[in-house]
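Quick note: numbers below take in every heavy atom, side chains included, and nothing from hydrogens, waters or symmetry partners.
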Amino acid sequence: GAGVSQSPSNKVTEKGKDVELRCDPISGHTALYWYRQRLGQGLEFLIYFQGNSAPDKSGLPSDRFSAERTGESVSTLTIQRTQQEDSAVYLCASSSGYLEADTQYFGPGTRLTVL
Amino acid sequence: AQTVTQSQPEMSVQEAETVTLSCTYDTSESNYYLFWYKQPPSRQMILVIRQEAYKQQNATENRFSVNFQKAAKSFSLKISDSQLGDTAMYFCAFSSGSRLTFGEGTQLTVNP
């Protein structure tokens, strides 16, 4: 596709369940980022991938959060034992990875609601 | 750690008028990059404009321009000839390499 895609668009889950959020970056982009946006707030960095490795995962809020990337394309963000404070929009972005601070292109996000 | 501050939670402007959104940041880095992103109700984050800190010239993209004051650590966005489609949340962001650090955002409403 032409842009970054994310699925599902919306996810409602019960407290304590596990969820998986998916991100398909722009084809050829080696850098991939996950951010979290709570209601009415700015974006918080979660994790950064360069290729399949994650040189910066310092933004993951707890060990319930994990992410992986395979084949230098699709990435999955997993939240285990979800809590109500995990409710937010989760945004994925990708960039070419060749330039320092090159432009990040964002997907439409997944809105997660934990009941 | 870098911080980005947007002191105007909400602003409004009349169509065709000019509006300026404020942003300040704090960093000890000497080389970095600054961005303005727009987020309409669709949630899609759209890059508006980008500024490299080593460049003295202010960036311009059509109706959008910035006033970058490196010593004051200020990075304001000016929107000229405002259009109804400019209504959105605007985020200022900082990067010194990979991750972006965002401000809290300014909700801009353009009134007809």
Side-chain angles (χ1 to χ4, degrees), chain A residues 1-10 21 23 26 29-51 53-60 67 88-112, chain B residues 1-10 21-27 29-55 59 61 64 68 75 88-108:
Chain A
V4 178
S5 61
Q6 293 185 246
S7 60
S9 177
N10 291 283
L21 313 179
C23 172
I26 293 172
H29 278 191
T30 62
L32 186 146
Y33 308 80
W34 283 98
Y35 295 87
R36 177 172 70 178
Q37 185 178 26
R38 289 194 162 120
L39 185 64
Q41 297 185 19
L43 281 68
E44 305 169 75
F45 168 80
L46 297 178
I47 188 169
Y48 156 57
F49 286 93
Q50 180 60 45
S53 63
D56 187 354
K57 50 180 108 173
S58 61
L60 294 177
V89 175
Y90 290 81
L91 289 152
C92 174
S94 72
S95 67
S96 68
Y98 298 131
L99 300 173
E100 186 177 51
D102 53 353
T103 298
Q104 294 183 25
Y105 297 89
F106 284 81
T110 294
R111 181 179 298 280
L112 175 65
Chain B
Q2 292 84 14
T3 59
V4 178
T5 302
Q6 295 179 248
S7 58
Q8 306 152 313
E10 297 179 359
L21 308 183
S22 301
C23 173
T24 59
Y25 58 94
D26 189 23
T27 183
E29 304 274 353
S30 58
N31 189 29
Y32 51 87
Y33 305 80
L34 296 162
F35 305 82
W36 279 97
Y37 278 88
K38 165 185 175 180
Q39 187 180 41
S42 66
R43 287 198 318 239
Q44 185 77 50
M45 294 285 284
I46 302 164
L47 178 67
V48 174
I49 199 164
R50 165 193 172 112
Q51 174 82 43
E52 287 81 6
Y54 62 84
K55 290 186 178 178
E61 283 288 338
F64 299 88
F68 174 46
F75 183 61
M89 195 75 159
Y90 286 80
F91 291 98
C92 179
F94 170 103
S95 175
S96 60
S98 56
R99 67 161 76 180
L100 290 167
T101 300
F102 287 86
E104 294 291 302
T106 297
Q107 175 63 49
L108 176 67

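Of the atoms belonging to B:Leu47, it is side-chain heavy atoms, and not backbone ones, that fall under 4.5 Å from chain A. Neither the backbone nor the side chain of B:Tyr32 comes within contact range of chain A; no heavy atoms are under 4.5 Å apart. The part of B:Gln39 that comes within reach of chain A is its side chain, from C-beta onward, which places non-hydrogen atoms under 4.5 angstrom from that chain. Using a 4.5 Å cut-off between heavy atoms, A:Gln37 touches chain B through its side chain atoms alone. When heavy atoms are compared at a cutoff of 4.5 Å, A:Leu91 approaches chain B solely by way of its side chain, counted from C-beta outward.
For the ring-ring contact (aromatic ring centres under 6.0 Å, His included) test, no residue two or more places apart in sequence or in another chain qualifies with A:Phe49.
With rounding to the nearest 0.5 angstrom, the OH atom of B:Tyr33 is 11.0 Å from the OG1 atom of A:Thr103.
Side-chain contact between A:Arg111 and B:Arg43 is present, with heavy atoms from C-beta onward closer than 4.5 Å.
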Please evaluate residues B:Phe102 and A:Tyr35 with respect to the criterion side-chain contact (heavy atoms from CB on, under 4.5 Å), reporting the C-alpha separation (whole Å), side-chain torsions for both, the decisive distance (0.1 Å), and the verdict. CA-CA 10 Å; B:Phe102 287 86; A:Tyr35 295 87; 3.9 Å; yes
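Of the possible polar contacts, one joining the B:Gln44 side chain to the A:Phe106 backbone as a donor-acceptor pair under 3.5 Å is found. A:Gln104 places a side-chain N or O within 3.5 Å of a backbone atom of B:Ser98 that can act as its donor or acceptor partner.
By number of non-hydrogen pairs under 4.5 angstrom with chain A, the leading residue of B:Arg99, B:Met45, B:Gln6 is B:Arg99.
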